[in-house]
Amino acid sequence: MYNEFGIKNEEVIILLHGGGLSWWNYTDEIELLKNQFHIILPALDGHSGSDADHTSIEDNAARIIKYIDEKFDGQVLMICGLSLGGQILLEILSQRKDICKFAIIESALALPMPVTHSLIELSIKLSYGLIQQKWFSKLQMRSLKIRSDLFDDYYRDTRAISSENYIRFMESNSAYRVKPSLSLCRTKSVIVVGSKERPIMKKSAKMIQNLIPNSELIIVKDYHHGDLSMNHADEYVKYMTTLMK
């Protein structure tokens, strides 16, 4: 499913939500951008609203590329992605170096975490039943720094994800490594990471910056994982508009 907002013009912006989330990841950005841009928010594979199970980051990237080829002659103005969506964006840029003019890559893991990867299947199988409980979802939201006004959306859409898809996209997330072909990308890019994120996220951000020639790294002071797009839309949109200038 591709959720569309804004005006139908050639200024197309694609926003890729984080793992376990949905289009409402960018609900405030939509409000700020809808009078100027054509905004498209795909439901990532294996998530609520998607018509495909998650198989791999590479497959999800290829499907989005195919969509852009069919609908927009192979290029859009900008693509932005958070976390898992950021990894899919990195893969898109690796597979197609000129698919967009601008990109924002937020909190994207670029290095594998083998220990975490080995524990995912067991932890999901043990905790999946709790996802149906509102109290547990509220705890998850607080740990993820998601705003309380998004609870109904978060609770509805996390419950719609099967345990198999949770396992698949979380394993993909923890095993992903950026491709050397990313160095061929000519997209003007901003890589964003919060200062309060884990060291591996900051190391990943630096690695991505080193790979993409025309890129800038921004470490946002006192922000957690995904904090910028989820909770500070005004600031996020400023990064977007500055990048496009």
Let me confirm one number: the [atom1]-[atom2] distance from [X] to [Y], rounded to the nearest 0.5 Å.
X      : Y      : atom1 : atom2 : value
Gln133 : Lys138 : CD    : NZ    : 12.0 Å
Glu106 : Leu82  : CD    : CG    : 4.5 Å
Ile219 : Ile191 : CD1   : CD1   : 11.0 Å
Ile13  : Cys100 : CD1   : SG    : 11.0 Å
Arg159 : Lys134 : CZ    : NZ    : 8.0 Å
Leu150 : Leu21  : CG    : CG    : 9.5 Å

For residues 36-44, run the donor-acceptor check on the side chains, cut-off 3.5 Å, and write out each pair with its distance to 0.1 Å, sequence neighbours left out.
from: His38; atom 1: NE2; to: Glu4; atom 2: OE1; distance (Å): 2.6

Results of side-chain hydrogen bond (donor to acceptor under 3.5 Å, both in side chains) for [X] - residues two or more places apart only:
X      : result
Tyr223 : His232, Glu235
Lys206 : Gln209
Asn214 : none
Ser215 : none

Mind checking whether [X] and [Y] have side chains closer than 4.5 Å, heavy atoms only?
X      : Y      : value
Pro112 : Arg177 : yes
His225 : Lys145 : no
Trp24  : Ile30  : no
His54  : Glu164 : no

* To do: For Phe102, check ring-ring contact (aromatic ring centres under 6.0 Å, His included) against everything at least two apart and list the hits.
  =>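 Testing Phe102 for ring-ring contact (aromatic ring centres under 6.0 Å, His included), a comparison that skips the adjacent residues, returns none.
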* Check ring-ring contact (aromatic ring centres under 6.0 Å, His included) between Phe136 and all other residues, then give those that pass, not counting sequence neighbours. =>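 Not a single residue meets the ring-ring contact (aromatic ring centres under 6.0 Å, His included) criterion with Phe136.
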* Determine whether the side chains of Gln87 and Glu91 contain a donor N or O and an acceptor N or O closer than 3.5 Å. =>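 No, because no side-chain N or O of Gln87 sits under 3.5 Å from a partner of the opposite role on Glu91.
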Any donor and acceptor pair, going by atom type alone, linking the side chain of [X] with main-chain N or O of [Y] inside 3.5 Å?
X      : Y      : value
Glu197 : Gly194 : yes
Tyr239 : Ile104 : no
Tyr176 : Leu84  : no

* To do: Write out all pairs satisfying side-chain hydrogen bond (donor to acceptor under 3.5 Å, both in side chains) with one or both partners inside residues 11-23, taking only residues at least two apart or from two chains.
  =>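 Those involving residues 11-23 do not exist here.
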* Kindly state each residue pair satisfying side-chain hydrogen bond (donor to acceptor under 3.5 Å, both in side chains) with at least one member in residues 180-192, sequence neighbours excluded. =>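 Matches after skipping sequence neighbours: none remain.
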Heavy-atom count check: over 12 atoms from other residues, nucleotides or ligands less than 6.0 Å from [X] [atom1]?
X      : atom1 : answer
Lys97  : NZ    : no
Arg63  : CZ    : yes
Met170 : CE    : no

* Asked: Between Phe169 and His47, is the ring centre distance below 6.0 Å?
  ->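 Between Phe169 and His47, the centre distance is under 6.0 Å.
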Table please: side-chain donor-acceptor pairs of residues 114-130 below 3.5 Å, with sequence neighbours left out.
from: Ser118; atom 1: OG; to: Val115; atom 2: O; distance (Å): 2.6
from: Glu121; atom 1: OE2; to: Lys125; atom 2: NZ; distance (Å): 2.9
from: Ser123; atom 1: OG; to: Leu119; atom 2: O; distance (Å): 3.1
from: Ser123; atom 1: OG; to: Ile120; atom 2: O; distance (Å): 2.9
from: Ser127; atom 1: OG; to: Ser123; atom 2: O; distance (Å): 2.8
from: Tyr128; atom 1: OH; to: Ile161; atom 2: O; distance (Å): 2.8

* Scan residues 16-35 for pairs that pass salt bridge (charged side-chain N to carboxylate O under 4.0 Å, His left out), counting only residues two or more places apart or in two chains. =>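 Applying salt bridge (charged side-chain N to carboxylate O under 4.0 Å, His left out) to every pair that reaches into residues 16-35, excluding sequence neighbours, yields Asp28-Arg147, Glu31-Lys34.
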* Among residues two or more places apart or on two chains, list those pairs meeting salt bridge (charged side-chain N to carboxylate O under 4.0 Å, His left out) that have a residue in residues 64-74. =>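 Every salt bridge (charged side-chain N to carboxylate O under 4.0 Å, His left out) pair that includes a residue of residues 64-74, provided the two are not neighbours, is Asp69-Arg96.
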